[in-house]
Q: 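Quick one: the structure is below, questions incoming.
Chain letters run A, B, ... following the sequence lines, proteins first and then strands; every chain starts at 1. From a predicted model like this one, the values you see are computed outputs, not experimental measurements.
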Amino acid sequence: MTDKIDQSHAMRHSLAHITASAVKKLWPEAKFGVGPVVESGFYYDIDLGSKKLSDEDFPAIEAEMKKIIAGNQAFERDEVPIDEAIKWSQDSMQPYKEELLNDLKRSGTTVAKELDPEQLGLPGGGNGQVDKVSFYKNGDFIDLCRGPHVASTGQVGVFKLTKVSGAYWRGDEKKAQMQRVYGVGFANQEELDKYLKMIEEAKARDHRKLGQEMDLFIFSDMVGSGLPLFTPRGTVLRDELAKFSNELRRAYGFEMVWTPHITKKDLYEKSGHWEKFGEELFLVKSQETKDELVMKPMNCPHHTRIYASQPRSYRDLPIRYLETTTDYRDEKTGELGGLSRVRAITQDDSHVFCREEQIGEEMNNLLAAARELYATVNMKLRVRLSYRDESDAYLGAKELWQSAQEQLKQAVVANELEYFEEEGEAAFYGPKIDFMATDAIGREHQVATVQLDFIQPERFALEYTASDGSKAQPVMIHCALLGSIERFLGVYIEHTAGKFPPWLAPEQIRIATIADDKSFVDFALDMAEQAKGLGLRVGLDVGRDSIGKKIRSAELDKVPYTVVIGKKEVESQKLVPRIRADFEVQKEHQPVGSQQFLQTVVNETESRISKTSL
RNA sequence: GCCAUCUUAGCUCAGGGGUAGAGCACUUCCAUGGUAAGGAAGGGGUCUCGGGUUCAAAUCCCGAAGAUGGCUCCA
């Protein structure tokens, strides 16, 4: 297994070199950055001066690459003293390589930030002095590189250049922007085809496309970018999801609270958000007092005010607040996308205020709630323990962090959750457990989050009276199960391809008549009334279109159940519902009375199951 | 915010210096139909917006807005 990974790594990295060789051949003035391996492929950062690459250049580059591959040039490794390497970079007009080499010479690493030198295929990553570096040569192309590579260019499998985009040199937005050419590479055509098919599938499920087709949400130029408006159908999804998330926590003693959407900025200065995120806050001005307010980007500081509004005793804790509410963040335009990143973000946000010894149980409750939610929506979960790194981007004493991080890990281990640990992913006020959910086509998305926070209680001077009469500081536990309703919906639409289970389906039952015969229509109207009386969401199609067309329309709308009403149904008073293709049908379905059918759908809705018991 | 590409009817898209086209959707009429499109007719567009070039701009040029793919960021 490891060998296979190493092999595909070497192949992809070799492809990056071949891409660079080809570009160099076509545009000899090309200056190169780095060319690492990424998921399914590779990229190479290239500075071509004023020449702008586009997809239209791919055939030429690919043709050149194929020549190099056909030539089966050996990858030859060469080790040279670093000063010689620097001279090479100057002579061959490769300023980016020169910068890397100088860094390497100075500090023993090329790593500016989180870039992993191993991933970049660069030497370094260690500490101290480096006096030799390695080069790889294929044909007449030479590149600074730590390898490994395949033995020769004929051994790279199949590839395809996929896209070109801008990328900052060394990931720094203050530095020059280069052109990044992306490609994918696989051992054989079959695997490449499989990958391309997955990309097609992802496109077909794109929540922006389905949101449009299924009439779930819209964007309006007059409202603004990053500000989705939800239609009646989309709002059903939002409300049902929020209801579920709230129910899960109410069972553990959470109480609903409500807080206003604007506030004085003092609140956020106190919490630390203003300093950290000031530029991403929307400002609101009072026309009378000229006071400047902010749109809330977060709810925790507000909830601390409710906590602090009364003296609290150790007997009162834990106190658990829950609010599903919309926050506003002035995200940069280029960062917006569909529902994944919006400026009006609705969080199913909760905060526990508890004593230190209560942390374990509270965490367990929240982890259980998260597991139940993701089991219900049929997504596999694993968690990332998001720790701080050594930078100064965090508030509070390091010992506190250490203890908090350990407690999170304990809770995760005790709950037998699959986890991995990552530094530098924490919030500025505390470490997090970030839940990653895998969707139906294997992509992982960050969804729920549970965060331990000793910092805000301190900054807001929260306290309670301990059993001995002394004042003690509570701990805060932040939690959002869906994360952001908008982002969750985006993920979930793609996970299900819009085929929502009955409990979420905006339209659960479509009643279609064979013709506009009065007896058929009366039956349909009567049944629809019954369904509405039971709280079901039902759609009627009693027009003069053909039944074939009505069925097709219900299928395209992905309605779970379609009921066809004609002479047969009116006479027998029984029906055979048409069940959407993705449902698992548990038994042979026979004609049932409409009453019985509707009751089954009610049961499925209440138990939030995604199979049909018909 | 940065780089690139894109923006034509409600939707999906074709066209292209001489003032617009298809399919679906919509409306009306005919057909009263049995589980993924019955037939016909009709309505619908300042070609995203603002400037410029031109006898003439939806088409070419510049700018803005919005979208998409990345980069950067993500409480």
Q: Do A/Glu335 and B/rU72 share a donor-acceptor pair, side chain to base, under 3.5 Å?
A: yes
Q: Looking only at the side chain of A/Lys549 (C-beta and beyond, no hydrogens), which of the listed nucleotides B/rU35, B/rG38, B/rG34 gets closest?
A: B/rG38
Q: Taking only N and O in the side chain of A/Ser165, is any of them less than 4.0 Å away from OP1 or OP2 of B/rC3?
A: no
Q: Between the side chain of A/Ser546 and the main-chain N/O of A/Lys549, is any donor-acceptor distance below 3.5 Å?
A: yes
Q: Is A/Asp516 side chain donor-acceptor paired with the B/rU32 base, going by distance under 3.5 Å alone?
A: yes
Q: Using a heavy-atom cut-off of 4.0 Å across all strands, would you classify A/Lys550 as base, sugar-phosphate, or nothing?
A: nothing
Q: Contact class for A/Gly543 (heavy atom, under 4.0 Å): base, sugar-phosphate, or nothing?
A: nothing
Q: Ignoring hydrogens and geometry beyond distance, is the side chain of A/Gln177 in donor-acceptor contact with the base of B/rC2 at under 3.5 Å?
A: yes
Q: Heavy atoms only, 4.0 Å cut-off, all strands: where does A/Gln456 land among base, sugar-phosphate and nothing?
A: nothing
Q: With a 3.5 Å cut-off and heavy atoms only, can you find an N or O donor on one side and an acceptor on the other between the side chain of A/Tyr168 and the base of B/rG1?
A: yes
Q: Taking A/Lys558's backbone N and O only, do any of them form a donor-acceptor pair with A/Arg580's side chain (distance below 3.5 Å, no angle check)?
A: yes
Q: With a 3.5 Å cut-off and heavy atoms only, can you find an N or O donor on one side and an acceptor on the other between the side chain of A/Arg341 and the base of B/rC74?
A: yes
Q: Heavy atoms under 4.0 Å, any strand shown: does A/Ile547 hit a base, just sugar-phosphate, or nothing?
A: sugar-phosphate
Q: Name the nucleic acid region contacted by A/Ser54, choosing base, sugar-phosphate or nothing; use a 4.0 angstrom heavy-atom cut-off, strictly under.
A: nothing
Q: Does the pair A/Lys296/A/Glu323 count as a salt bridge with the N-to-O cut at 4.0 Å?
A: yes
Q: Could you tell me whether A/Gln212 contacts a base, only the sugar-phosphate backbone, or nothing, with contacts defined as non-hydrogen atoms closer than 4.0 Å?
A: sugar-phosphate
Q: Would you write out the dot-bracket form of RNA chain B, 5' to 3', with Watson-Crick and G-U pairs under 3.5 Å, [ ] for crossing pairs, | for pairs to other strands and . for unpaired bases?
A: (((((((..((((....[..)))).(((((.......))))).....(((((..]....))))))))))))....
Q: Does A/Arg208 place a side-chain N or O at less than 4.0 Å from the phosphate oxygens OP1/OP2 of B/rG69?
A: yes
Q: Determine the contact category for A/Arg180: base if any of its heavy atoms lies under 4.0 Å from a base atom, sugar-phosphate if only primed atoms, P, OP1 or OP2 are that close, otherwise nothing.
A: sugar-phosphate
